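In what follows, a structure is listed as structure tokens, so that the remarks can point back to it.
Here the structure is a predicted model, which means the values were calculated and not measured. In each ligand, atom 1 is the first atom listed, and ligand 1 is the first ligand listed. Values below: every heavy atom of this structure, side chains too, minus hydrogens, waters and symmetry copies.
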Amino acid sequence: MAEVVIVPDREAAGALVAAEIASLIRRRPDAVLGLATGSTPLPVYEALPAALAGVDVSQVRGFALDEYVGLDPAHPESYRSVIRREVIDPLGLDPERIRVPDGSMNGIEHHGDDYDAAIAEAGGVDLQILGIGTDGHIGFNEPGSSFASRTRVKTLTQQTREDNARFFDSIDDVPLHTITQGLGTILEARHLVLLAFGAGKAEAVAGAVEGPVTSSLPGSAIQLHPHVTVVIDEAAAARLGGADYYRYAFAHKPEWQGL
Ligand code: F6R
């Protein structure tokens, strides 16, 4: 089962996950990070410069989870731009070592296979950061996505387009399609770290952690993975039946275990 860590706020979550990433990079300087976008991972990215002080990041590699299809890569909300702005530049990573799926229309039918091949060639993702959509998606694997799916083009639900309209001038500007790592791709990462904050995520979190494993709630795919850490605030934990046990287990966690 996923380890669930309930923290007081986003900052505490960011510090916890950033420390884990720093420890990974110290052990493995060419670690492969799986990078999410959206609001959720921002506290991690904000905490990383301090956590990585004095750590050599020149060899770190990374793969973003997803990208909008057909959006100009220079658009400030393309995930290529977001990863550059929130991760590569502040941490001083080598841009050549950080990849984002190619959302350009030219050859789009091959971009997913190319991306999966590049992840495999890198030896797989060591630590995959995940957010979760209010409809239960991870990456942009919307409800109904196959657990065996690979990186490919998906159509966003209207709910997700409404949720993401805040990044654009209007909902009409939110692209209809994305290219996203599949659930099968994500499940191959060695460690999944799913974060969620706020009451709006409580239902999706409860479904992902404690609900039936079903493609109707793609986040529930995490139950199939042997090493998952779910880091959430109290509001996002509100619908979890086992919250008291998760707090107890984390308070008594053997020190040698790490996250
Ligand atoms: C982003 C991604 C999505 C988001 C999810 C939550 O790369 O893959 O699954 O994590 O839509 O978005 P936020 O964090 O903005 O609530």
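For atom 6 (C) of ligand 1, the nearest non-hydrogen atom of the protein is I132 O, 3.5 Å. For atom 14 (O) of ligand 1, the closest non-hydrogen atom of the protein is T40 OG1, 2.4 Å.
Atoms of ligand 1 lying under 4.0 Å from at least one heavy atom of L65, given by number and element, are 8 (O). Counting the atoms of ligand 1 from 1 in the order shown, those under 4.0 Å from a heavy atom of S39 are 13 (P), 14 (O), 15 (O). Taking a cut-off of under 4.0 Å to the non-hydrogen atoms of G38, the atoms of ligand 1 that pass are 14 (O), 15 (O). Here is the list of ligand 1 atoms found below 4.0 Å of a heavy atom in D66: 1 (C), 2 (C), 7 (O), 8 (O).
With respect to E3 and K253, a salt bridge is recorded, a charged nitrogen being found less than 4.0 Å from a carboxylate O. Look at R150 and D113 and you find no salt bridge, because none of the NZ, NE, NH1 or NH2 atoms lies under 4.0 Å from a carboxylate O. Comment: R61 does not engage E96 in a salt bridge, judged by the lack of any side-chain N to carboxylate O separation of less than 4.0 angstrom.
Taking any N or O of Y79, backbone or side chain, none lies under 3.5 Å from an N or O belonging to ligand 1.
Both the backbone and the side chain of T37 come within 4.0 Å of ligand 1, counting heavy atoms alone.
In this structure, R239 places its CZ atom where only 12 or fewer heavy-atom neighbours from other residues, nucleotides or ligands lie under 6.0 Å away.
For atom 11 (O) of ligand 1, the nearest non-hydrogen atom from the set R166, K201, E67, H137 belongs to H137. Here atom 9 (O) of ligand 1 lies nearest to G139 when heavy atoms of G133, G131, A36, G139 are compared.
Applying the side-chain hydrogen bond (donor to acceptor under 3.5 Å, both in side chains) test between R152 and each of D116, T178, N141 identifies N141 as the sole match. With respect to T134, the side-chain hydrogen bond (donor to acceptor under 3.5 Å, both in side chains) criterion is satisfied by exactly one of T157, T160, D163: D163.
A distance-only check finds a donor-acceptor pair linking the side chain of D126 to the backbone of V32 [under 3.5 Å].
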